[in-house]
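Written out below as structure tokens is the structure these notes cover.
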Amino acid sequence: MSTSSGRHALVIGASRGLGLVLVRELLDRGWHVIATTREPGGGLRASADASEGRLSVEPLEVTDPVQLDALRARLTGRRIDLLFVNAAIDRGNLPICEVPTAMFNEVMTTNALSPLRALEALRGLVVPGGTVGVMSSEQGSISLNTEGGYELYKASKAALNQLMRSYATRHAGDGHTKLLIDPGHNRTRLGGPDAPLLPEESVPAVVDVLEAQAGAPGLQFLDRHGETVPW
């Protein structure tokens with residue numbers, strides 16, 4: 001791993017919400033960060049302007065494999081200690097029997113397929129002993145699914161977790177720490193205005209976990225306190 005003053009992160013999906021706060025927290029801790037966004041400007045651009053060169057911004061629509069390949073090409077030769085993917089959408093609280101096929105495909109593609117495509121496309125940039133992480137959710141825990149609601153979102157996060165398990169099995173010998181992180185229910189566009197947590201409260205704890213787990217073997221599904229979330 002790099003020294004503390006020279007740690008480098010690549011954060012996929014950082015234009016707003018948890019991703020943006022994650023970038024700012026890493027910068028506050030001295031990391032150098034590459035962050036992706038679908039839209040230029042906004043808070044990410046302002047953070048880059050104030051970062052004294054430690055934050056660079058790259059365009060990316062994570063659901064587009066062509067754009068992922070182009071990003072990988074642009075970053076050829078860069079070495080990063082942390083690759084973290086933050087990508088999720090929610091299309092409302094419908095029972096699965098009422099979910100249109102197009103909506104199902106959109107949510108599954110964004111929440112489950114695209115994060116793993118991003119990991120596969122960009123994992124070669126991660127240094128030996130580096131960390132590969134994805135923002136998951138307690139909602140993806142099958143054993144904790146004891147209350148109704150948000151069936152499609154829950155299914156997409158469970159699929160994400162399963163695909164990450166397959167990824168970890170396939171790349172078991174690469175020496176990378178692999179993490180699924182549950183940040184809690186946050187007050188973001190996705191989490192809604194009544195969520196109990198603010199990203200500014202939960203994300204520092206998430207980064208604590210990312211830093212503490214660096215170098216740990218295998219795949220773990222952890223919450224923001226570093227506790228194991230049941231599959």
Side-chain angles (χ1 to χ4, degrees), residues 1-37 43-60 62 68 71-87 115-116 118-136 164 167-168 171 173-183 186 199-227:
M1 295 288 287
S2 305
T3 62
S4 179
S5 61
R7 295 176 297 178
H8 294 259
L10 171 55
V11 179
I12 306 298
S15 59
R16 61 176 183 269
L18 293 173
L20 178 57
V21 178
L22 174 63
V23 167
R24 289 171 172 168
E25 181 66 22
L26 290 170
L27 290 171
D28 285 346
R29 298 186 187 208
W31 288 69
H32 297 258
V33 182
I34 305 166
T36 74
T37 179
L44 190 59
R45 183 70 264 164
S47 293
D49 291 342
S51 71
E52 298 182 342
R54 287 191 297 114
L55 171 60
S56 59
V57 178
E58 292 281 350
L60 178 68
V62 73
L68 275 171
L71 176 64
R72 178 177 56 191
R74 291 196 301 273
L75 297 181
T76 297
R78 304 288 290 270
R79 307 303 288 165
I80 59 174
D81 302 284
L82 169 65
L83 168 59
F84 195 87
V85 182
N86 174 57
L116 270 296
L119 294 189
E120 292 288 4
L122 301 167
R123 60 181 298 275
L125 303 173
V126 181
V127 300
T131 299
V132 172
V134 183
M135 197 76 84
S136 185
M164 188 65 175
Y167 172 94
H171 298 299
D174 65 5
H176 292 160
T177 296
K178 301 172 184 72
L179 298 172
L180 288 158
I181 299 292
D182 164 33
N186 281 267
E200 291 78 10
E201 299 168 339
S202 62
V203 168
V206 167
V207 178
D208 286 344
V209 173
L210 294 174
E211 293 185 332
Q213 293 298 323
L219 170 66
Q220 299 181 81
F221 184 14
L222 303 175
D223 66 16
R224 68 188 186 280
H225 304 299
E227 300 296 325

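On a predicted model such as this, the values are computed, not experimentally measured, just so you know. Below, all heavy atoms of this structure are taken into account, side chains as well, without hydrogens, waters or symmetry copies.
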Distance, nearest 0.5 Å, that separates [atom1] of [X] from [atom2] of [Y]:
X: Leu116; Y: Met164; atom1: CG; atom2: CE; answer: 7.0 Å
X: Leu20; Y: Thr37; atom1: CG; atom2: OG1; answer: 9.0 Å
X: Leu82; Y: Glu211; atom1: CG; atom2: CD; answer: 9.0 Å
X: Ser51; Y: Asp28; atom1: OG; atom2: CG; answer: 11.5 Å

Non-hydrogen atoms of [X] and [Y] that approach each other most closely:
X: Asn86; Y: Gly19; value: ND2-N, 3.3 Å
X: Ala121; Y: Arg72; value: O-CD, 2.8 Å
X: Ala35; Y: Leu55; value: CB-CD1, 3.9 Å
X: Leu180; Y: Ser136; value: CD2-CB, 4.0 Å
X: Ile34; Y: Glu58; value: CG2-CG, 3.8 Å
X: Leu60; Y: Leu68; value: CD1-N, 3.8 Å

Mind listing the side-chain donor-acceptor pairs of residues 213-221 below 3.5 Å, one per line with the distance, residues two or more places apart or on another chain?
residue: Gln213; atom: OE1; partner: Gln220; partner atom: NE2; Å: 2.7

Mind checking whether [X] and [Y] have side chains closer than 4.5 Å, heavy atoms only?
X: Leu83; Y: Ile12; answer: yes
X: Val206; Y: Leu18; answer: no
X: Thr131; Y: Leu179; answer: yes
X: Glu25; Y: Trp31; answer: no
X: Val85; Y: Leu122; answer: no

Kindly write out the residues that satisfy side chain to side chain donor-acceptor pair (under 3.5 Å) with Asp174, not counting sequence neighbours, or none if the list is empty.
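Side chain to side chain donor-acceptor pair (under 3.5 Å) check on Asp174 returns Arg123, His176, Lys178.
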
Determine whether a donor-acceptor pair (N or O, by modelled atom type, separation under 3.5 Å) exists between the side chain of [X] and the backbone of [Y].
X: Arg7; Y: Arg29; value: yes
X: Asp223; Y: Asp182; value: no
X: Asp81; Y: His8; value: yes
X: Arg54; Y: Val33; value: no

Checking Val21 now: which residues fulfil side chain to side chain contact (heavy atoms under 4.5 Å, CB included) with it, not counting sequence neighbours?
Pro199, Glu200, Val203

List the steps, then state whether salt bridge (Lys or Arg N to Asp or Glu O under 4.0 Å) holds for Arg45 with Asp49.
CA-CA 6 Å; Arg45 183 70 264 164; Asp49 291 342; 3.4 Å; yes

Any chance CZ of Arg74 has more than 12 other-residue heavy atoms, nucleotides or ligands included, within less than 6.0 Å?
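Yes - once you tally the heavy atoms of other residues, nucleotides and ligands closer than 6.0 Å, there are more than 12.
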
Mind running side-chain contact (heavy atoms from CB on, under 4.5 Å) on Phe84 and Leu26 for me, showing each step along the way?
CA-CA 12 Å; Phe84 195 87; Leu26 290 170; over 6 Å; no

